[in-house]
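Scope of the values below: all heavy atoms of this structure, side chains included, with no hydrogens, waters or symmetry mates.
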Amino acid sequence: QVQLVESGGGLVQPGGSLSLSCAASGIIFSIDAMAWYRQAPGKERELVAAITSGGDTNYADSVKGRFTISRDNAKKMVYLQMNSLKPEDAAVYYCNANLKRLWYSNGVDYWGKGTLVTVSS
């Protein structure tokens, strides 16, 4: 079984910072893109940031310049550094990875269960 486990969520004041981590475990041959998504109450899940195995990144316009995604391929981890947080950043943040379990497998998307980020004074 493949598992993605997020950590690092919590309560932070507006303007504050928070760092999220996600660890992939299980039988994994390779991981292609990894990403963070978020879903606020009453809203659809949206892409926050993504990173390829080679380190290319993409960000939602709403977080550019404030959030930084990074990964450690050896540790099978992806991180999201969130600075200058706003109340509208509050959401459940989900880790996503497109990975192959075996060398001949097709890439499949896996999701973590999410971690809650609350931005409030």
Side-chain angles (χ1 to χ4, degrees):
Q1 285 283 43
V2 171
Q3 279 191 316
L4 298 180
V5 179
E6 304 97 336
S7 61
L11 173 64
V12 63
Q13 292 185 343
S17 297
L18 209 56
S19 181
L20 305 182
S21 300
C22 172
S25 63
I27 299 175
I28 298 172
F29 174 75
S30 65
I31 303 177
D32 190 4
M34 302 185 81
W36 289 95
Y37 285 74
R38 67 187 181 188
Q39 187 167 18
K43 295 188 176 181
E44 293 187 355
R45 190 174 297 189
E46 62 174 355
L47 175 67
V48 176
I51 184 168
T52 68
S53 57
D56 292 329
T57 59
N58 184 57
Y59 295 92
D61 288 343
S62 60
V63 306
K64 282 181 182 176
R66 300 188 297 121
F67 290 11
T68 301
I69 188 171
S70 60
R71 64 189 281 174
D72 185 325
N73 291 331
K75 294 182 178 179
K76 298 184 179 66
M77 294 192 69
V78 63
Y79 309 95
L80 186 69
Q81 177 64 41
M82 304 184 293
N83 299 328
S84 302
L85 281 160
K86 304 175 181 179
E88 52 263 42
D89 294 318
V92 177
Y93 283 70
Y94 296 91
C95 176
N96 168 268
N98 185 273
L99 61 88
K100 293 184 176 183
R101 297 193 65 192
L102 301 171
W103 67 269
Y104 51 82
S105 303
N106 291 324
V108 176
D109 273 339
Y110 286 85
W111 293 87
K113 293 183 178 180
T115 185
L116 179 64
V117 172
T118 304
V119 184
S120 175
S121 55

Any side-chain heavy-atom pair from [X] and [Y] closer than 4.5 angstrom?
{"X": "Val108", "Y": "Val2", "value": "no"}
{"X": "Tyr79", "Y": "Met77", "value": "yes"}
{"X": "Tyr59", "Y": "Thr68", "value": "yes"}
{"X": "Ile31", "Y": "Val78", "value": "no"}
{"X": "Met82", "Y": "Val48", "value": "no"}
{"X": "Arg38", "Y": "Val63", "value": "yes"}
{"X": "Trp36", "Y": "Cys95", "value": "yes"}

From [atom1] ([X]) to [atom2] ([Y]), nearest 0.5 Å:
{"X": "Asn98", "Y": "Asp109", "atom1": "CG", "atom2": "CG", "value": "5.0 Å"}
{"X": "Lys75", "Y": "Ser25", "atom1": "NZ", "atom2": "OG", "value": "15.0 Å"}
{"X": "Leu18", "Y": "Asp89", "atom1": "CG", "atom2": "CG", "value": "10.5 Å"}
{"X": "Leu85", "Y": "Ser120", "atom1": "CG", "atom2": "OG", "value": "12.0 Å"}
{"X": "Ile69", "Y": "Asn58", "atom1": "CD1", "atom2": "CG", "value": "9.5 Å"}
{"X": "Lys100", "Y": "Ile28", "atom1": "NZ", "atom2": "CD1", "value": "14.0 Å"}

Answer yes or no: are there more than 12 heavy-atom neighbours, outside [X] itself, under 6.0 Å from its atom [atom1]?
{"X": "Leu11", "atom1": "CG", "value": "yes"}
{"X": "Glu44", "atom1": "CD", "value": "no"}
{"X": "Gln3", "atom1": "CD", "value": "no"}

Heavy atoms only: give me the nearest [X]-[Y] pair and the separation to one decimal.
{"X": "Val92", "Y": "Gly114", "answer": "CG1-CA, 3.8 Å"}
{"X": "Asn83", "Y": "Ser17", "answer": "OD1-OG, 2.9 Å"}
{"X": "Pro14", "Y": "Ser121", "answer": "CD-N, 3.7 Å"}

Before accepting this row, confirm whether a basic side-chain N of the pair Asp61/Lys64 lies closer than 4.0 Å to the acidic partner's carboxylate O.
yes

Using a strict 4.0 Å threshold on nitrogen-to-oxygen distance, state whether Lys113 and Glu6 make a salt bridge.
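Not counted as a salt bridge, because no side-chain N and carboxylate O are separated by less than 4.0 Å.
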
Evaluate side-chain contact (heavy atoms from CB on, under 4.5 Å) for Lys76 paired with Leu99, printing each intermediate quantity in order.
CA-CA 11 Å; Lys76 298 184 179 66; Leu99 61 88; over 6 Å; no

Is there a path of hydrophobic side-chain contacts, each under 4.5 Å between heavy atoms of I, L, V, M, F, W or Y residues, that connects Val119 with Tyr94?
no

I'd like to know if Val12 and Leu20 are part of one continuous hydrophobic network [Ile/Leu/Val/Met/Phe/Trp/Tyr, side-chain heavy atoms within less than 4.5 Å].
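Looking at the clustering, Val12 is in the same group as Leu20.
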
Which of parallel (below 30°), tilted (30 to 60°) and perpendicular (above 60°) describes Phe67 and Tyr93?
tilted

When you measure from the side chain of Arg71 to the backbone N and O of Thr52, does any donor-acceptor pair fall under 3.5 Å?
yes

